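All figures in this text were calculated on a predicted structure; none of them were measured in a lab. Within every chain, numbering begins at 1; the chains are lettered A, B, ... in the order of the sequence lines, protein sequences first and strands thereafter.
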Amino acid sequence: MSLRAVLLLVALLALALLASLALGEVHLAPGEILRVLAGGGDAMTRTILLDFRLPRALVAMAVGAALAASGVLMQSFFRNPLASPGLLGVSSGGALGAVIAFAFGWASLSMWSLPLASIAGAFLATLAVLAIAREGASTEHLLLAGVAMNALFGAATSFVLTLKAGHFEVGGQILFWLMGGLESRTWEHVAISLPGVLLACLLVLPSARALNLLAMGELGAQSLGVNVKRLRWELIILSTLLTALATAVGGVVGFVGLIVPHLLRLAFGPDHRRLLPLSMLGGAAFVLLCDLLVRTLPGQLRLGVVTALAGGPFFLWMLRRGGRP
Amino acid sequence: MIAASGLRVEGRLRDVSLELPAGCLAAVLGPNGAGKSTLLQALAGLLPAEGEIRWRGEELRRIPFLDRARILAWVGQESHADFGFPVREVVAQGRYAHREAGHGEDGHGIEEALAAFDLTDLSDRPVTRLSGGERRRVFLARALATGAPIQLWDEPTSHLDVRHGLEVLELANGLKAQGATVLMSLHDLRAAHCFDRVLVLHKGACVAQGPPDEVLTPEVLLEVFGVKARLAQDLILELPR
């Protein structure tokens with residue numbers, strides 16, 4: 001059952017990857033793609049695939065896996081299936097960093113400056129979270145602190161945005177970024193996101209069993225042998241890292257961390273030993289497919305808009321069901 | 001056996017000392033807010049408390065988490081569940097500290113624990129789809145599955161129907177016969193006679209402890225619980241033999 005689920009998701013991810021490599025303004029046949037990946041093919045096809053589609057697809061997968069895994073961690077941490085990766089203010093901190101980089105013109109200086117500014121913002125938010133958590137704050141306290149930080153970073157972002165409202169180009173860039181997107185992502189973006197996401201995903205997997213206990217109650221988990229204090233630190237650090245990396249290369253992409261874990265929980269149960277790897281695979285496939293829609297549908301669709309269009313109605317439906325699968 | 005001396009939790013527990021031998025069934029009594037849950041959590045090392053808690057002469061809280069979980073099991077008063085784990089998986093969590101390297105939980109005693117709390121038929125049901133009393137039994141079964149020789153249960157019989165409540169007491173008696181120490185908090189003073197020892201807490205302090213018939217005097221009942229005891233013909237409920 002568990003193996004079948006993993007194979008199913010791997011197959012889905014492989015199909016999504018193949019589709020996003022093959023489809024676009026120039027359609028490529030699977031044979032051509034394989035030829036290029038094996039080192040052959042003509043120069044044009046090589047450029048399309050290796051300089052544009054492959055890095056973009058890899059970034060999409062990193063963003064999706066990171067957000068979905070981060071969502072699972074936050075839901076387990078807050079013992080609430082409706083918790084999302086941005087709950088503690090990390091993605092709005094990352095957004096503020098990026099917006100400042102746009103506003104001051106740093107973004108155009110180098111490929112690295114925008115993601116790094118975003119990571120710096122997310123890091124600032126993380127430090128604030130850790131400072132609050134270190135004082136032994138309860139889960140409820142952290143949740144409220146997250147609400148406050150989201151409001152704070154949101155206000156600062158709006159402030160910077162109004163400063164630049166007259167500059168249409170910069171204002172437009174900022175707005176686009178706040179809606180999430182993966183256009184013209186390069187191997188630099190892959191280098192920024194993928195290794196960190198893979199590492200965090202690997203680090204979190206051994207804690208899956210302890211997460212199961214935590215999800216049934218903190219004190220109970222501790223009495224059964226889980227070092228809850230250490231586990232909570234691990235969860236905060238790894239989930240903020242994952243969210244920060246995803247925001248740095250993908251902008252603000254909502255709902256992935258909410259709907260992917262939730263759907264998979266409905267289908268395969270809440271056991272984190274299954275849910276964590278499945279969410280990583282499912283999140284990667286979901287963002288790949290959403291980005292494929294962004295690329296192939298007419299009009300100016302943004303990634304965050306597509307994920308929210310898929311996620312919003314689902315969220316409401318979940319709330320109507322009481323949010324408890 | 002477990003012994004505590006001078007247990008103190010700021011504003012909640014004042015200098016409570018106790019000593020419970022192996023093979024002992026004990027109850028903590030007291031009105032709401034007397035410190036029953038605090039005492040059980042402090043003994044389980046789940047909240048910071050001053051004083052000593054000794055198990056076989058060793059300070060219990062200095063024993064690493066995993067080792068401690070094989071010595072002591074605790075069941076809280078809350079039996080809320082947010083995630084729909086199947087009953088059997090929750091009970092299997094009791095074996096968390098017993099896993100062998102690379103093999104997951106050893107699975108020992110899970111079927112027995114399910115059967116002991118009448119959960120065998122519910123074992124595949126998500127815990128979110130149980131009644132409060134059924135869920136309480138799941139958490140008790142999880143504690144039983146640990147096989148820990150010290151069992152601390154916070155109001156295990158509340159939310160349970162008469163029969164399952166009596167079964168919990170009988171089960172605790174069975175554990176006692178196997179040499180375990182069972183300490184539970186309780187509101188039903190009429191069940192106190194089933195216990196070897198009772199501790200009466202009042203405003204965070206232990207006002208009396210010992211065998212129930214010596215401890216639950218009319219004076220204690222009036223002072224601590226504000227009730228007057230009157231002997232009367234009572235409806236006696238027990239399990240059919």
Side-chain angles (χ1 to χ4, degrees), chain A residues 1-2 71-83 136 138-140 143 205-232 261-262 264-276 279 318 321-325, chain B residues 37 40-41 43-48 61 63-99 102-105 124 126-129 135 138-140 142-143 145-146 148 150-154:
Chain A
M1 148 79 175
S2 171
V72 173
L73 299 188
M74 292 305 253
Q75 286 147 20
S76 175
F77 185 95
F78 285 107
R79 253 174 300 134
N80 189 330
L82 299 181
S138 66
T139 313
E140 289 75 17
L143 192 63
L205 285 176
S207 301
R209 202 188 312 267
L211 285 177
N212 285 348
L213 273 76
L214 187 69
M216 291 305 295
E218 252 168 60
L219 289 180
Q222 194 176 327
S223 76
L224 291 170
V226 178
N227 188 340
V228 169
K229 212 169 162 185
R230 205 183 65 198
L231 182 63
R232 280 169 51 112
H262 220 90
L264 292 168
R265 211 179 270 123
L266 279 175
F268 302 109
D271 190 336
H272 289 88
R273 287 170 287 184
R274 282 195 293 272
L275 185 62
L276 270 173
S279 293
M318 234 157 63
R321 293 181 75 248
R324 308 246 183 280
Chain B
S37 300
L40 292 176
Q41 286 181 22
L43 285 173
L46 297 176
L47 54 80
R61 287 166 296 179
I63 299 174
F65 283 107
L66 277 178
D67 298 328
R68 202 194 301 169
R70 290 191 286 264
I71 298 168
L72 187 147
W74 169 88
V75 181
Q77 219 178 93
E78 293 276 323
S79 45
H80 179 73
D82 302 277
F83 294 95
F85 289 94
V87 167
R88 186 191 307 275
E89 274 181 44
V90 177
V91 174
Q93 290 180 348
R95 304 305 291 174
Y96 180 78
H98 296 260
R99 64 215 147 129
H103 285 280
E105 283 94 3
D124 294 322
V127 283
T128 39
R129 273 193 244 139
R135 203 148 50 226
V138 173
F139 283 97
L140 285 165
R142 183 172 80 164
T146 63
I150 297 171
Q151 297 277 338
L152 306 173
W153 300 347
D154 202 350

Between L46(B) and chain A, with a heavy-atom cut-off of 4.5 Å, which part of the residue counts as in contact: side chain, backbone, both or neither? both
Taking the side chain as C-beta and beyond, is there a heavy-atom pair between R79(A) and H80(B) under 4.5 Å? no
Between the side chains of D82(B) and N80(A), does any donor sit under 3.5 Å from an acceptor? no
Contact class of V90(B) relative to chain A, heavy atoms under 4.5 angstrom: side chain
Any chance you could lay out the side-chain contact (heavy atoms from CB on, under 4.5 Å) test for L211(A) and L276(A), step after step, and finish with the verdict? CA-CA 10 Å; L211(A) 285 177; L276(A) 270 173; 3.8 Å; yes
So what's closer than 4.5 Å to chain A heavy atoms on Q41(B): side chain, backbone, both or neither? side chain
V226(A), part contacting chain B, at a heavy-atom distance under 4.5 Å: both
Hey, what's the ring geometry for H272(A) with F83(B), parallel, tilted or perpendicular (30° and 60° as the breaks)? perpendicular
